2 protein chains.
Amino acid sequence: MTLTTSHSSSAPVTADTVSSAVSQAIHQHRLAPGTKLGEDELSDIYGVSRTIVRTALQSLAHQHIIEIKRNRGAFVAQPSLTEAQEVFEVRELLEPRTARSAAQKATANDVALLQDHITQEHTAIDAGDRGRALYLSGKFHVEIARIAQHQTIADMINVLVARSSLIIALYWRRESAICESQAHHALINAIGDNDAARAEELMQSHLVDLHSALNLKELPAVEQDLRTMLLGNQGR
Amino acid sequence: MTLTTSHSSSAPVTADTVSSAVSQAIHQHRLAPGTKLGEDELSDIYGVSRTIVRTALQSLAHQHIIEIKRNRGAFVAQPSLTEAQEVFEVRELLEPRTARSAAQKATANDVALLQDHITQEHTAIDAGDRGRALYLSGKFHVEIARIAQHQTIADMINVLVARSSLIIALYWRRESAICESQAHHALINAIGDNDAARAEELMQSHLVDLHSALNLKELPAVEQDLRTMLLGNQGR
DNA sequence: GCGCACATTATTGTATACAATGCTTGCCCA
DNA sequence: TGGGCAAGCATTGTATACAATAATGTGCGC
């Protein structure tokens, strides 16, 4: 729920600084869907004028991570059921082929980077930092697109992953366990072996798994609002 | 090359107004890749402050339609060879399936709308308004995504189509004829018949056709710059 | 005449002031 | 007591003023 200023360094605070800080906070579930992002509040936190903050917010709105309601302000997005379905459908269209391509192009160095990624993920889990683990597991997918050397898809997946994080915040089923790192591990192996077909298939089933771990049957908007109101940004 | 203010109506000019006006001008090849978009210039044209113009430009930059160089200004984007390849690869991943879905869901009314689209396209061609014809043929693809009732994909295709327009401006081969409307006509028929498999296949080959009508072998950035400089926005 | 340094100018980046909108609160009246 | 209306307040939208940067032009020295 807090927006840490994190690194103190003397680098000038740009719109991108603010934008990625907020994005990361949302991604890590430190900001719940529906939370109001006041402009004055943000400019205080980051020590810049509202001009910069507004630029950052517009950028996030373009990624569907927040929603800007005219004369009302910016709020962390609350993806609808339909939108949630759509996001995963698009991911299922883009990512398997991308994983295939990554498997074809991956170098030993790339694989090492992915391994490192998983390691960090485990570290975060052990430290009980569930938010950071979620963030890293998302970045894993972006990293694969980078290995596939496809900037356009990488950008798209970056956004889709962030949106997925919001979807998970809203629709994740309590019952379903987090068996993610297994799937990621299998993917690394396939990519390391340059086994394109297997990588594609694994990514496909991984996404289907994720998709089915969501409760996308109902949970109307009203109830969402009520819940966030009652639990005050940190429930769930 | 000119940015017409078009409709005079008394509606207030918002960032979206400016954004879509510029977007449409680019889409119609009235603004060539590389053209500088000065902030003062635009605020004069549309009678709003630079604040609004900047918001509009940021929006266009997010869509990769223009490029904002820090302290230098905004320029109509010049997609690289790699980017051009990537854009069409993504379209080939997204659009065939979307066409399939559209064929499954299309109503008689939808088909009529598509027909109307084609008619307008022909009218534009007959009137010699090549720019408008290009614009309409792009919107045709967006319309199919709308029929498929997939907002997320529709948004993506909208952007990809605009980027494609820039790619066409830079890489279109003089030799290749414009046999587009035939492909679109065939697609309408498949969709009207609710023939999902055929629609998917037709869209696939249509995109491959488009892709192969581009000269994506070479044509280095330097030459592009020089050319636009020397020919002043209307060559090619 | 050529090239480099410096002054000038034009344009973008940022902050702030003001306007407009919507929300809240408290009052009035039924 | 409860609903509705109005005034005040908080917040966002827009315009403008100022600062910083890059582009341009000028003059000097070689």
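These figures come from a predicted structure and were not determined experimentally. Letters A, B, ... mirror the listed sequences (proteins, then strands); counts begin at 1.
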Taking only nitrogen or oxygen atoms into account, show me every contact under 3.5 Å that the protein makes with nucleotides 16-18 of chain D, one pair per line with its distance.
none

Is there any salt bridge (charged side-chain N to carboxylate O under 4.0 Å, His left out) pair reaching into residues 57-78 of chain B, and which pairs are they, with sequence neighbours excluded?
-> none

Expressed in angstrom and rounded to an integer, what is the separation of Phe75(A) atom CZ from dT12(D) atom P?
-> 8 Å

Rounding to a whole Å, what distance do you find between Leu42(A):CG and dT14(C):P?
-> 17 Å

Report the distance from atom OH of Tyr46(A) to atom P of dA15(C), rounded to the nearest whole Å.
-> 15 Å

d(CG, Asp44(A); C1', dA15(C)) in whole Å = 14 Å

Whole angstrom is fine here: how far is it from CD1 in Ile52(B) over to C1' in dA19(C)?
-> 13 Å

Please tabulate, one pair per line, each protein N/O and nucleotide N/O from nucleotides 22-25 of chain C that are separated by under 3.5 Å, including the distance.
unit_1: dC23(C); atom_1: OP1; unit_2: Arg72(A); atom_2: NE; d: 3.3

Taking CG from Asp40(B) and P from dA22(D), how many angstroms apart are they, rounded to a whole number?
-> 18 Å

Taking side chain to side chain contact (heavy atoms under 4.5 Å, CB included) as the test, write out the residues that go with Ser20(A), two or more places apart.
-> none

Report yes or no: do His150(B) and Thr98(B) form a side-chain donor-acceptor pair below 3.5 Å?
-> no

Residues in side chain to side chain donor-acceptor pair (under 3.5 Å) with His27(B), at least two apart?
-> none

Ser19(B) side chain reached by Ser59(B) side chain, heavy atoms, under 4.5 Å | yes

All pairs passing salt bridge (charged side-chain N to carboxylate O under 4.0 Å, His left out) where residues 144-154 of chain A contributes a residue, at least two apart = Asp110(A)-Arg146(A), Glu143(A)-Arg146(A)

Listed partners of Glu121(A) passing side chain to side chain donor-acceptor pair (under 3.5 Å), at least two apart | none

Side chain to side chain contact (heavy atoms under 4.5 Å, CB included) involving Lys36(A) - partner list, sequence neighbours excluded = Phe75(A)

Taking only residues two or more places apart in sequence or in another chain, which ones pass side chain to side chain contact (heavy atoms under 4.5 Å, CB included) with Ala74(B)?
-> Leu37(B), Leu57(B), Ile66(B), Ile68(B)

Interface residues of residues 56-69 of chain A with DNA chain C (non-hydrogen, below 4.0 angstrom) = none

With respect to the phosphate group of dT12(C), does any side-chain polar atom (N or O) of Lys36(B) fall under 4.0 Å of OP1 or OP2?
-> yes

Contacts of His117(A) meeting side chain to side chain donor-acceptor pair (under 3.5 Å) (sequence neighbours excluded), chain-then-number -> none

Could you pull out all residues at least two apart from Leu93(B) that satisfy side chain to side chain contact (heavy atoms under 4.5 Å, CB included)?
-> Leu94(A), Arg97(A), Ile153(A)

